[in-house]
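Remarks on the structure that follows.
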Amino acid sequence: MTVEVLKEEESSRAVERSETSKRAVLVVGMHRSGTSAVASVVAELGFHFGSAPMPPSSENPRGYFEDQRIVDLHDRLLEACGRTWSDPRSLPDDCFEGRTAERARDNLALILDRDFLDRRSWLIKDPRLCRLLPLWDELLEKAAEDTEVGFLHVFRSPAAVARSLRARDGISWSRSLLLWLVHCLEGEKATRGKRRAWIRFEDLLEEREETLQRALGRLSVSAESSRLKTAFDAVFDPNLVHHVSSVGEGTDHPWLLAVEEAMRTLCTAEDEAAFRSLDEIGEQLEVAQRLLLSDGWVWATEHHQERYEVVSRRIEQNNRHIEHLGNLLALSLRGGGEGGEDQLKVPEQLLEPFPRAPDLAQIAREVATRVTDELALSEKVTETLALARRLEGETAAANTRWAEANAKLDRARRKLASLELEQQVTLRQKRELAEELEATARQQSETETELNRYREQLEQSQALSSTATERIEQARLDTAETRGDLERAQRELVEVAHERDMAREADRLARQQVELLESSFSWRATRPLRWFRGLFS
């Protein structure tokens, strides 16, 4: 049987299993990566995605295909851990332990029992799954007893994701890219070794049915091209995709390029080189987060930068406002000047806070009060600018500390590598010495056992030797007597043999005589008489 036939039979068996068993698909991917589009098509194929769907929005007019109850539970758990969906910092080590996590797990189990597990095909989708899959491990392991559970990863160009997040939520470019990295790395790590498939959203836009059919096939979910086309036509609208970019566009950082390339490789097959690359970047990112994000100073800097821009715009507006009010005050104090009342006319937007009054003195007092307030505000703005400059200095100092810490980290890594090598050598020598000691102890034990056995055998041999000596002595005596008896028996045997020979000789002579007698005439003549005598004898 050829390899192609075997593959066809295995594929057919997988399709048969998928048609007869219960199936579950968990759509995993970063926010704004096309997970809703993929989930919509999978739901159109007959997968139940919950009885409490998240309502549509202007960004997703066709809906999110997420269960609102599950999303709320995820958000509450993140909040309990001091995080939000847009916070790229690592989750605390105890995030999935304690009463809050246990309560969330129990509520998820209740939702699954009531609304999902009795379905033949069901779907769970939420971008937060990338980071919260450890919360689901126990629940999915129980569901897998009678359901084939698979993970469908959807990823998109980091530049397109960053543009979409900036347009929808106003999230900065660098923060969006960091969120993309964290979600991709943690989502891949949490599903490694499990049944899963990958879809690049840009490939889905170019080859819709082929891309999704190939991914679903890896999850043992069969779907004909015609059925997929019908599902796409029903729910998928390419016109809703507003942000498209090519590989590496606007994201030249090596981490982003390497992660995107590794996930493109995983679209084809599981690859050890891709795993090593992702693990290495994950370790480096974790170290960077501990250095830069542990105290939240990066987010403080970003917040103050945004505040600085807002305050700068207000300062510019206030300066124009103060200048105009100052001119107005000067005119009012001079009694109107050459232009009369026309020069005292104030723009409507500047007089909104003030009631209209014909008394110029009242207007002057109100203007003076407003000028005083604006001067106080200007002082606050100056303080804010000083704070911003101080923060910039602290940021520069922090960058210097970060560079120094990075250098120390490199030196520590090299030292650690050297120590680990020395430790490995020491451990190997220790293991070898322990093995030698164990072998020596084992040999010593075997030697003592063998020596005891030899001692017992020696004692037995000595006892046997004493007994054998006695028996030999007795045998010698018996042998002497036996030898005498044997000699006598031999002599008697000679005599018996001689008598036997003599008897044989006598018998032979007697036979000769009988034969001579029987051959004589007289013997033959008297035969009738002997016979007749024998009748009466």
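By convention here, the first residue in the shown sequence is residue 1.
With 3.5 Å as the limit, one finds a donor-acceptor pair spanning the side chains of S36 and N60. Side-chain N/O atoms of H31 and D169 include no donor and acceptor closer than 3.5 Å. Using modelled atom types, one finds a donor on one side chain and an acceptor on the other under 3.5 Å when comparing S220 with R195. Checked by atom type, the side-chain pair R156/S33 shows no donor-acceptor distance below 3.5 Å. With no hydrogens or angles considered, a side-chain donor-acceptor pair links T191 and H153 at under 3.5 Å. When only modelled atom types and interatomic distance are considered, T35 and Y64 share no side-chain donor-acceptor pair under 3.5 Å. Between N452 and E448, the side chains place no donor N or O within less than 3.5 Å of an acceptor N or O (distance only, hydrogens not considered).
Annotation: E450, atom CD; neighbour count of heavy atoms from other residues, nucleotides and ligands within 6.0 Å is above 12. The environment of CG in D93 is sparse: at most 12 heavy-atom neighbours from other residues, nucleotides or ligands sit within 6.0 Å. Other residues, nucleotides and ligands contribute at most 12 non-hydrogen atoms within 6.0 Å of the CD atom of E138.
Proximity of D67 to F116: side-chain heavy atoms (C-beta onward) are separated by under 4.5 Å at one or more points. Inter-residue side-chain proximity for T211 and R200 is flagged as unmet; no heavy-atom pair is nearer than 4.5 Å. The closest side-chain heavy-atom distance from T265 to E261 is below 4.5 Å. A heavy-atom distance below 4.5 Å is not found between the side chains of F47 and W122. Put simply, the side chain of V42 does not reach to within 4.5 Å of the side chain of F65, judged on heavy atoms.
Here the closest heavy-atom approach between residue S157 and residue W180 is recorded as C-NE1, 4.4 Å. Nearest heavy-atom pair, V28 versus C130, reported as atom, atom and distance to 0.1 Å: CG1-SG, 3.4 Å.
Under the 4.0 Å criterion applied to side-chain N and carboxylate O atoms, R114 and D118 are not assigned as salt-bridge partners. A salt bridge links R128 and D75; the closest N-O separation between the charged side-chain nitrogens and carboxylate oxygens is under 4.0 Å. A salt bridge links D137 to K194: at least one charged side-chain nitrogen sits closer than 4.0 Å to a carboxylate oxygen.
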Sequence neighbours left out, cut at 3.5 Å: what donor-acceptor pairs do the side chains of residues 181-190 make with other protein atoms?
residue : atom : partner : partner atom : Å
H183    : ND1  : L179    : O            : 2.9
E186    : OE1  : R131    : NE           : 3.0
E186    : OE2  : R131    : NH2          : 3.3
E188    : OE1  : R192    : NH2          : 2.8
E188    : OE2  : R192    : NE           : 2.9
E188    : OE2  : R192    : NH2          : 3.4
E188    : OE2  : R196    : NH1          : 3.4
E188    : OE2  : R196    : NH2          : 3.1
K189    : NZ   : D279    : OD1          : 3.1

